[in-house]
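Working notes, beginning with the structure itself.
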Amino acid sequence: MAVPENIAHFSLPQIQESIRSGDLTLPGLVDHYLENAIAHQDLNAYVELFSAEAQNRAIALQEKYATDPASVGLLFGAVVSIKDNICYAGHQVSAASRILEGFESLYSATVVERLLAADAIIIGRTNCDEFAMGSASEHSIYGPVKNADDPTRVPGGSSGGTAVSVQIGSCLIGIGSDTGGSVRQPAAFCGLAGLKPGYGRISRHGLLAYASSFDQIGMIGRHLPDLATCLSVIGGPDAYDMTASQEDIPVEIESELTEKKRFCYFDFCVDHPGLDPIVQAAFRRKLEALKSAGHVVEQVKFPWSAYLVPAYYVLTTAEASSNLSRYDGIRFGRRSPEAQTVEEVYTRSRTEGFGAEVQKRILLGTFVLSAGYYDAYYSQAQKMRRIVSEFNQELMQQYDFLLAPTSPVLPWKIGEKDQDPIAVYLSDIYTVYANLAGIPALSIPLERDPKSGLSIGIQVMAANFRENALLHLDWIVH
Ligand code: GLN
C-alpha cells in the first residue's frame, strides 16, 4: 500500500488520523521508516535496527486497533529509537563501548517499559559517544555518526545517532540522554527540537550512568506536542529511582498563549570570544523579534561564565570515575582474554575496554577526588554549582524564560577538532548551565545559515516543572 507523501515528517496526531482514515497502516509506516533507515545507513545513526520485532509489533498493534480502536495507548502510532545507553530486556546495550560489546540487558529501563505499555514501537538503538561522553558522536566503537545536512560534518553529541534517526525520517521520536547538552546540541545541529526535562522528571532506572546527578533522559523530535505526549508517558515518579520527582506532570496546555512574556538572556550569550558571528547574529535577531512582538527581553549579567564548563567537567568526571568503576572485567564488562593475574584482569580489561576519551575522564575524575586535590577542585566546583543553582532560583522568579544559543558554533567537520579537545569542551558553554541548575531546557530550530544550509538552534529554559510551558512555545517560535 502506498503511504501518504511526506509521512516521515508527520506528527503523531497526523499519523493517528491517517491510520484511522485508512490512508496508512502501522506496518506500512514501520516499513517506510525502516526503508529510510537503510537508505541512510552510511550516516551510521543506528547501532542495530530491531526490524523484525518492530514489524511484528506493528502488525499486532494494527490488529488491536482494528478490534477496538479505543483500546490502544497514547503512543499508538509512535515509532521511537533509543540511544545505546538505555536498557531494553533481551536486547544488547553497549554505550558504544568495547567494554560492553555483546552485553545483553536482563531488564528494561523504566522509559522503555512505559513506551511499550503506551503502545509505542521501538525501531532500534542509536549510535552515540562512548558512555555519552562527547559533543560530536565521534567517540564510538562503531565509528562516527554523520549529519544528514552535510555528511562531512558531525551531528553533535553525545546523542548524535538519536538526532540523525529523526533527521532521516526513520522514527517519530528519538530517546536520548543529556548530562551537559547531549540531547539539545545534536537536536540543534540537525535542525530538530530537543528537550532535556528538569532533573528527576524522568526516571533514570535503566540508563547507563555517566554522571548521576546530571544525567537526564530527554527526547528529540520535529513536533513539540509529540514531545509533550511522550513526556507525559515516560515521566513521573518511579519506585526504581529515588531521584525521580514525585511531582505530577501537568498535561494542560498553558492558557496564557497570547500573554506577553518576560524573557532574559545572559551577557555572555551575545558577547563571547567563542561565539560564531553567524550564531550571534541569528540569536540577536530573535531577541529583537521578541521585543518587537511586545515581550520583555532583558540582558542579565552572569559573572561566573568562565567557571561553568570547568565546574561541569570537574563534577561530571568525578561522578563518572565512580560510576564506571563497576566495569572491571569481574563485576561488569568484558574481561581481557590476555589477563593472567587479578591485577591484569583489572588493568587490561579497562585499558582494552575503554576508549581514549573515557580513560581521560576517569583519570581526571579520580584526580579531582584524590585527597590532595579534593579541596582545590571538587569542592570548588560544588560551590560553583550551588552558586548557579541559587542564582537561577532568583532569576526564575523574575522571568518566565531564559534564552541562550544552544551551541556557540555550527556543526564542525568530522575529525576537525581531534587535536583540540578543549575547544570541544568549551562548546558546551551554553548547555551545561541547565544541568548544573537542574532545570528543564528545550532547543528549537532558529534559522539556517543561508551560506552553508546548516541549522542553528536556540535554547529556552524555565523553572523546574515547567516543561509544558516550554513545549507550548510554538506561538513564539514560529
Ligand atoms: N558534551 C558534554 C560532555 O561531553 C555533554 C555530554 C552529555 O550530555 N552526555 O560531557
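Indexing begins at 1, ligand by ligand and atom by atom, following the structure's order.
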Any side-chain donor near an acceptor of the partner, T162 and T126, under 3.5 Å: yes

side-chain contact (heavy atoms from CB on, under 4.5 Å) partners for [X], two or more places apart:
X: Y88; answer: F50, E53, I82, H91, S108, V112, L116, I122
X: S182; answer: K83, S158, S159
X: P151; answer: L43, K146

Sorted by chain and residue number, the residues having a heavy atom closer than 4.0 Å to an atom of ligand 1 are A132, M133, G134, S135, S158, D178, T179, G180, G181, S182, Y210, Y312, Y313, R361, D428

Ring-face cation contact, F401 with R466, 6.0 Å cut, 45° max: yes

Given the ring of Y346, does R335 sit roughly above its face, with NZ or CZ under 6.0 Å from the centre of the six-membered ring and within 45° of the axis? no

